[in-house]
Amino acid sequence: CIEIRLKDYGSQLLEVADNGCGVHPRDYEALALKHYTSKLREFSDLTSVATFGFRGEALSSLCALSDLAVTTCHKSSTAGDRLEYDKDGHIMSRKPFAREVGTTVSLQNLFHTLPVRYKEFQHNLKREYAHMIQVVQGYCLISTHVRISCYNQTGSGAKQLVLSTL
């Protein structure tokens, strides 16, 4: 199950949550570093990746562009952790956090480090949102074995279901 949650079309918050295996605590330090992934050990592993999980390069890029937090509970753990990363992908804080097995990646202040890109993003927010929904719809079509849902909340209103494979 993958759930995407947005506030104000992603301008305030973008979260992606899953009910996968979670991130093992030994991988916390390197999780958002450039060129890192715990999913691949050898080049040939590329042909056998069977999850949608974020890869290190993606998380590293997101750290540089936003305020990134990861909340995760590994299947071998009894409790989860909330990790906040700096712009270079290093852990700024780690706190115990109640969470079922799985991972949530949260982005706030997207593009705040790039003022011109931020202004363009805000100006074209609904167009960028529509592009994101198209990409998610593509995943919905090809991922028949995974429940994918996307919600958006505008202002202080209730969250609205945008799409779902339910």
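Below, each value reflects all heavy atoms present in this structure, side chains not excepted, and no hydrogens, waters or symmetry copies.
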Answer whether the closest heavy-atom distance between the side chains of Y28 and I91 falls below 4.5 Å.
yes
Taking atom CG of L68 and atom CG of L59, what is their separation to the nearest 0.5 Å?
6.0 Å
Step through the shown structure and confirm whether more than 12 heavy atoms of other residues, nucleotides or ligands are within 6.0 Å of CZ on R117.
yes
Between E128 and K126 (salt bridge meaning N to carboxylate O under 4.0 Å), is one present in this structure?
no
Out of curiosity, Y151 OH to L6 CG, how far, rounded to the nearest 0.5 Å?
12.0 Å
Can you see whether E15 engages S106 through a side-chain donor-acceptor pair at a distance of less than 3.5 angstrom?
yes
How about K159: does its NZ atom have over 12 heavy atoms from other parts shown lying under 6.0 Å from it?
yes
Side-chain (D18) to main-chain (T103) donor-acceptor, under 3.5 angstrom:
yes
Please indicate whether Q160 has more than 12 foreign heavy atoms, meaning atoms of other residues, nucleotides or ligands, lying under 6.0 Å from its CD.
no
Exam field: side chain D27 to backbone V23, donor-acceptor pair closer than 3.5 Å:
no
Kindly compute the distance separating CD1 (I142) from NE2 (H145), expressed to the nearest 0.5 Å.
9.0 Å
Step-by-step side chain to side chain contact (heavy atoms under 4.5 Å, CB included) determination, I4 to V136
CA-CA 9 Å; I4 302 162; V136 174; 3.7 Å; yes
Indicate whether any N or O donor in one side chain lies under 3.5 Å from an N or O acceptor in the other, for R99 and T72.
no
Taking S143 for the side chain and Y139 for the main chain, is one N or O donor matched with an acceptor at less than 3.5 Å?
yes
Greater than 12 external heavy atoms within 6.0 Å of Y118's OH
no
Check: Q12 main-chain N/O paired with D8 side-chain donor or acceptor under 3.5 Å:
no
Can any side-chain N or O of D86 pair as donor or acceptor with the backbone N or O of G89 at less than 3.5 Å?
yes
Drop me the distance from R5's CZ to C150's SG, to the nearest 0.5 angstrom.
10.5 Å
Is it true that a side-chain atom of T165 and a backbone atom of I148 form a donor plus acceptor pair closer than 3.5 Å?
yes
If you count every heavy atom of other residues, nucleotides or ligands that lies below 6.0 Å from R94 atom CZ, does the total exceed 12?
yes
